[in-house]
Amino acid sequence: MKDRITRILERWFISEPALFQVLCTHSIEENGSMACPVRSGRRKVEYNPEWLREMGDEALDQALRTEAVRILLGHPYQRKPDACSQQAVAVGSDLTVGDNYKFGNLNIDRPKDYELQEGQPYEWYARRIQEMLHPSSGG
């Protein structure tokens, strides 16, 4: 699996230098216990080998691009809005990426999936999702 990721990153050296550089600042590690194909955080990009076996190279490229964009944007780990759960910041990050970046057929949530306005910042999405998860009694 690491060989597939390395080949993708080698192509990015010329075609996507910013994405290449940001992923090169992180270690790439296997984590079979994750419930997703790829995730980033704590200077690591982790991958689930079972999920990656099911993905073609183009889908893996798109998943890695998404994580590189998250790292560049500093979320959901560095930029965490106050009073938002990990689930809310993760979904808020997905909505931001899904709203602004088109990586082919990547299946990622978009604001319309939650009946939210498009074009909003990450923190706004995270707070709206938090409200949906735990609505206040004050209305």
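- Heavy-atom minimum distance, Ala63 versus Met55: CB-CE, 4.0 Å.
- A side-chain hydrogen bond (donor to acceptor under 3.5 Å, both in side chains) with Tyr125 is found for one member of Thr96, Asp99, Asp94 and no other, namely Asp99.
- For the pair Ser15 (side chain) and Arg11 (backbone), a donor-acceptor distance under 3.5 Å is present.
- In this structure, Phe13 and Phe20 have perpendicular ring planes: the angle between them is above 60°, well past the 30° mark.
- Residues Tyr47 and Asn31 bring no donor and acceptor atom of their side chains to less than 3.5 Å of each other.
- The closest side-chain donor-acceptor pair between Ser85 and Gln130 falls under 3.5 angstrom.
- Salt-bridge annotation for Glu16 and Arg65: present, with a side-chain N of the basic residue lying under 4.0 Å from a carboxylate O of the acidic one.
- Atoms CD1 and CG, on Ile8 and Asp57 in that order, are 5.5 Å from each other to the nearest 0.5 Å.
- Ala68 and Val22 get closest at one heavy-atom pair: CB-CG1, 3.7 Å.
- Arg4 contributes a side-chain N or O that, together with a main-chain N or O of Gly56, makes up a donor-acceptor pair within less than 3.5 Å.
- Minimum interatomic distance between Arg110 and Gly98 (heavy atoms only, all atoms of both residues): NE-O, 3.1 Å.
- Taking the side chain to side chain contact (heavy atoms under 4.5 Å, CB included) definition, one finds that Arg42 meets it with nothing, sequence neighbours left out.
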Review point. Going through the distances and angles, do Glu123 and Arg79 end up as a salt bridge (Lys or Arg N to Asp or Glu O under 4.0 Å)?
Key: CA-CA 8 Å; Glu123 290 81 2; Arg79 289 171 54 196; 2.9 Å; yes
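- The number of heavy atoms from other shown groups lying within 6.0 Å of CD (Gln86) is above 12.
- Defined by atom type and a distance below 3.5 Å, a donor-acceptor pair is missing between the side-chain atoms of Ser40 and Arg70.
- Note that Arg128 lies in the cation-pi zone of Trp124, set by a 6.0 Å cut-off to the ring centre and a 45° limit from the axis.
- Contact annotation: the side chain of Leu9 never approaches that of Leu19 to less than 4.5 Å [non-hydrogen atoms, C-beta and beyond].
- Val97 and Leu72 fall within a single hydrophobic cluster, where Ile, Leu, Val, Met, Phe, Trp and Tyr side chains are chained together by heavy-atom contacts under 4.5 Å.
- Glu118 and Lys112 are not joined by a salt bridge, as no carboxylate oxygen comes within less than 4.0 angstrom of a charged side-chain nitrogen.
- Using a 4.5 Å heavy-atom cutoff, the side chains of Val38 and Trp51 are not in contact.
- With a 4.5 Å cut-off on side-chain heavy atoms, His26 and Arg43 count as touching.
- Residues Arg39 and Met34 form a side-chain contact, since some pair of their non-hydrogen atoms from C-beta on lies under 4.5 Å apart.
- Between Met1 and Glu30, the closest side-chain pair of non-hydrogen atoms is not below 4.5 Å.
- A salt bridge is defined here as a Lys NZ or Arg NE, NH1 or NH2 lying under 4.0 Å from an Asp or Glu carboxylate O, and Glu10 with Arg7 fails to meet this definition.
- At least one donor-acceptor pair under 3.5 Å links the side chain of Lys2 to the backbone N or O of Ile28.
- Around CD of Glu29, the count of heavy atoms belonging to other residues, nucleotides or ligands within 6.0 Å exceeds 12.
- At a threshold of 4.5 Å between non-hydrogen side-chain atoms, the residues Pro37 and Asn48 do not count as touching.
- A pairwise comparison of heavy atoms in Ala126 and Pro81 identifies CB-CG, 3.8 Å as the closest pair.
- For the atom pair CG of Leu52 and CG of Leu60, the computed distance is 5.0 Å after rounding to the nearest 0.5 Å.
- Annotation: side chain of Tyr101 is not in contact with side chain of Ile108 (no heavy-atom distance under 4.5 Å).
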Point to revise | Val45 and Ile5: CA distance, side-chain angles, deciding distance, side chain to side chain contact (heavy atoms under 4.5 Å, CB included) verdict | key: CA-CA 11 Å; Val45 174; Ile5 293 170; over 6 Å; no
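- Using a 4.5 Å heavy-atom threshold, the side chains of Leu95 and Tyr122 count as separate.
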